[in-house]
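Since the structure comes first, as structure tokens, the remarks are kept for the end.
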Amino acid sequence: MTILSRRRLIGSIGAGAGGLLLSGCDRIVAAPTVKHVLGIGEKLSFDAQRLVTDRAGLAREFAASDMSPVFRTNGNTMPESEAYQAHATAGFTDWRLAVDGLVRRPSTTSLAQIHTMPARTQITRHDCVEGWSAIGKWTGVPLKLLLDAAGVLPGARYVVFHCADDFGGDPYYESIDLIDAYHPQTILAWGMNDQLLSIGHGAPLRLRVERQLGYKQAKYVMRVELVDSLARVGAGGGGYWEDSSGYQWYAGI
Ligand SMILES: Nc1nc2c(c(=O)[nH]1)N[C@H]1C(S)=C(S)[C@@H](COP(=O)(O)O)O[C@H]1N2
Ligand SMILES: [Mo]
């Protein structure tokens with residue numbers, strides 16, 4: 001699957017660069033600069049290919065002995081909404097994750113069901129833009145499994161994670177593209193360091209998208225929405241910090 005989609009992506013980006021080259025040739029067919037244009041075309045497809053190949057790569061995984069003795073919390077550590085707090089008090093027994101938007105089968109899934117799905121465990125380093133890092137062990141369902149169950153429609157381009165918390169009334173949310181959504185290390189984690197995820201770290205489910213910075217790791221994920229554009233979500237920047245502070249949408253590390 002990873003290889004297939006990577007091939008398809010390289011194929012389509014290659015075609016795009018080729019198209020660019022062709023229209024360039026149309027206009028300056030016998031001009032002395034044609035060699036120069038060809039050079040740019042080659043560089044473009046090489047860079048595009050390297051970019052895609054690079055994005056399919058795995059984030060480094062660590063040994064248990066590398067795990068940080070303390071993994072601090074950051075941002076919100078307890079959503080204020082009454083609905084969330086009622087679920088938290090009940091141990092999330094009636095809580096359900098919604099998957100909707102551009103999918104064939106919009107649905108909700110109970111946490112108990114999610115716990116029975118195939119899980120992946122990975123020990124990775126979390127890097128916050130504020131200048132701290134920590135190595136922790138995450139266990140959760142690969143996002144791919146939830147997306148395949150829902151049936152992503154061809155028009156979908158982004159996955160939006162709607163969270164239970166907010167800052168001054170602006171809900172926290174994040175988004176990733178489908179390359180990251182299908183990446184094998186992209187999981188909705190329900191476990192951390194061999195325990196059920198704590199509220200401070202984002203219970204009952206939080207995103208791990210290991211090739212990106214800390215603020216992309218949305219905690220308290222309540223709803224996963226497939227969209228064709230980010231323009232109509234929040235203020236259009238693709239995430240709470242992107243909207244409010246101009247943080248980069250693609251926060252690659
Ligand atoms: N819902 C939600 N997700 C969030 C945040 C938040 O405030 N709310 N903070 C982000 C930031 S900046 C970081 S560094 C990590 C911190 O995760 P942790 O509390 O598990 O360390 O969560 C990210 N995800
Ligand atoms: Mo962060």
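For reference, positions follow the sequence shown, starting with 1. Counting convention: from 1, in listed order, for ligands and their atoms alike. Any value given below was found using the heavy atoms of this structure, including those in side chains, with hydrogens, waters and symmetry copies removed.
For Ser107, the side chain to side chain contact (heavy atoms under 4.5 Å, CB included) criterion is met by Thr109, not counting sequence neighbours.
Considering Thr121, Asp194, Asn193 in turn, Asp194 is the only one that fulfils the side chain to side chain donor-acceptor pair (under 3.5 Å) rule with Lys137.
Between His87 and Phe92, the ring planes are parallel. Angles under 30° get that label, and only those over 60° would be called perpendicular. Ring planes of His115 and Trp190: tilted class, angle from 30 to 60°. Between His126 and Trp132, the ring planes lie parallel to each other; the angle is under 30°, not in the 30° to 60° tilted range.
In summary, the atoms of ligand 1 found under 4.0 Å from a heavy atom of Asp165, numbered by their order in the structure, are 1 (N), 2 (C), 6 (C), 7 (O), 8 (N). Shown in contact with Cys163 at under 4.0 Å from a heavy atom are these atoms of ligand 1, numbered in order with element: 1 (N). Set against the non-hydrogen atoms of Gly200, the atoms of ligand 1 under 4.0 Å away are 19 (O). Heavy-atom proximity to Cys128, at under 4.0 Å, picks out these atoms of ligand 1: 14 (S). Against a heavy-atom cut-off of under 4.0 Å, Ala218 is close to the following atoms of ligand 1: 3 (N), 24 (N). Counting the atoms of ligand 1 from 1 in the order shown, those under 4.0 Å from a heavy atom of Phe167 are 7 (O). Within the listing of ligand 1, atoms 14 (S), 21 (O) sit less than 4.0 angstrom from a heavy atom of Trp132. Atoms of ligand 1 lying under 4.0 Å from any heavy atom of Asn76, numbered from 1 in the order shown and given with element: 6 (C), 7 (O).
Considering backbone and side-chain N/O of Trp138, none are found under 3.5 Å from N/O of ligand 1.
Scanning Arg206, Met192, Glu130, His201 for the heavy atom closest to atom 17 (O) of ligand 1 points to Arg206.
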